[in-house]
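Reviewing the structure listed below.
Both ligands and their constituent atoms are indexed starting at 1 by order of listing.
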Amino acid sequence: MEEKKPSTADILAKIRAQKAAAAAAAGDVPAAPAETPAPATTPAPAAETVAPAPATSGAKPTSTKDIMAAIRGGGAKPAAAAPPAAVAPPAGDAPKPAVAAAGPRPSVQDMLKAVREGKVGAAAAAPSATAKVGTPVAAPPMPAKPVVASKAAKPASARRSLAVVATVASISAASFVLGFAVGSNLLIALGACVWGVLMTPFAAAWFSVASIGGIWTLGTARFMFPNVLVEPPSKFKVGPLSDYPINTVSNKWKDQFGVWIVHTDQYEGRNMIFALTSVCTHLGCTPNWLDGEQKFKCPCHGSGFYITGVNFEGPAPRPLERAGLRIAEDGMLEVNKSVKYQEEMGQWSDPTSFVSVV
Ligand code: FES
């Protein structure tokens, strides 16, 4: 039968036993059994020889881990426990009570649980920790959560500075606009000074962007309201017949309605009142009534018209046109510009183109 190679524990036990025997023989120290009595499960014969592993055990410790566990006397792994003869501590080797009392180290879950319960530094108070650890374990402090700056925490000085920038920009812009509108160099200079002294480049850039956006918005809004040409009514009353003496031309309604009210007896010898439109028949300019010369004179090309409206000089090819005229139910003269009467067409003989005065 092949002889088995002794393990490290066996060698160590043998060495310690030899040292103990030598010391006992020299009489320097008391015998080993008196100093550290061997337990009942570890008989003395182990000190002399390394006993082979019992056949019944079948689990001879071969690894260093098993050997160290057997030496410390732990019973967590029965399989690793060597036979008493093989791994029993010698008489001179004192056990390590501190390690044995400490037991297994606390798990990470136990430490995190203790921290969550606010018992940092007193993990021993946690039931689970004490149950498994047995000794108080100080949990490491958790790192402080970084504080994120929010918008609400924006300092009030920043908001005030924004208000100041808006005020300064408004004052400066108002000074510029008003200065250019009224032609005042003083206001323009004031606006430039305010802008140059108080505005920062960053604020000026933002103000410019906001101004462009505002102008664009106003232009778009203006586009939504197109120009509407409000024309005067085609029918309007010009007062009683007595307001217009004979051989006179009234300019009262020229600017508002574009007609002269003429009272004359020079056209075919008939005393009548009619309304002449103030549009030159040459190219559409507005003639003027020259009371001293008793004629209409066009300022554009010099065409002249009699008080009756008939052309007599200049490039005008035909007489002025009449508008409709009648006496309304209330006795007032009523002009109707929606109809035109042309002398060369024989339309002046139409009774709706004049009012006879008897
Ligand atoms: Fe009146 Fe030419 S437009 S004369």
I'd like a table of donor-acceptor pairs (distance under 3.5 Å, sequence neighbours excluded) in which one partner is a side-chain atom from residues 267-280, with atom names and distances.
from, atom 1, to, atom 2, distance (Å)
Asn271, OD1, His263, NE2, 2.6
Thr277, OG1, Glu321, O, 3.1
Ser278, OG, Gly258, O, 3.1

Mark yes or no for whether Thr281, through its side chain, and Arg318, through its backbone, hold a donor-acceptor pair below 3.5 Å.
yes
I'd like to know if the side chain of Ser250 reaches the main chain of Trp260, judged simply by a donor and an acceptor atom lying under 3.5 Å from each other, with no hydrogens or angles considered.
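Absent.
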Going by side-chain hydrogen bond (donor to acceptor under 3.5 Å, both in side chains), name the pairs with one or both residues in residues 290-301, residues two or more places apart or in two chains.
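Sorted pair list: His282-His301, Trp289-Asp291, Asp291-Gln294, Glu293-Lys295, Lys295-Glu313, Lys297-Glu313.
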If a pair satisfies side-chain hydrogen bond (donor to acceptor under 3.5 Å, both in side chains) and one of its residues is in residues 213-227, list it, with sequence neighbours excluded.
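Every pair satisfying side-chain hydrogen bond (donor to acceptor under 3.5 Å, both in side chains) with a residue in residues 213-227: Arg222-Asn227.
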In the protein, how many N/O/S atoms are under 2.8 Å from atom 1 (Fe) of ligand 1?
2
Give a yes or no on whether a salt bridge exists between Lys237 and Asp330, defined as a side-chain N under 4.0 angstrom from a carboxylate O.
yes
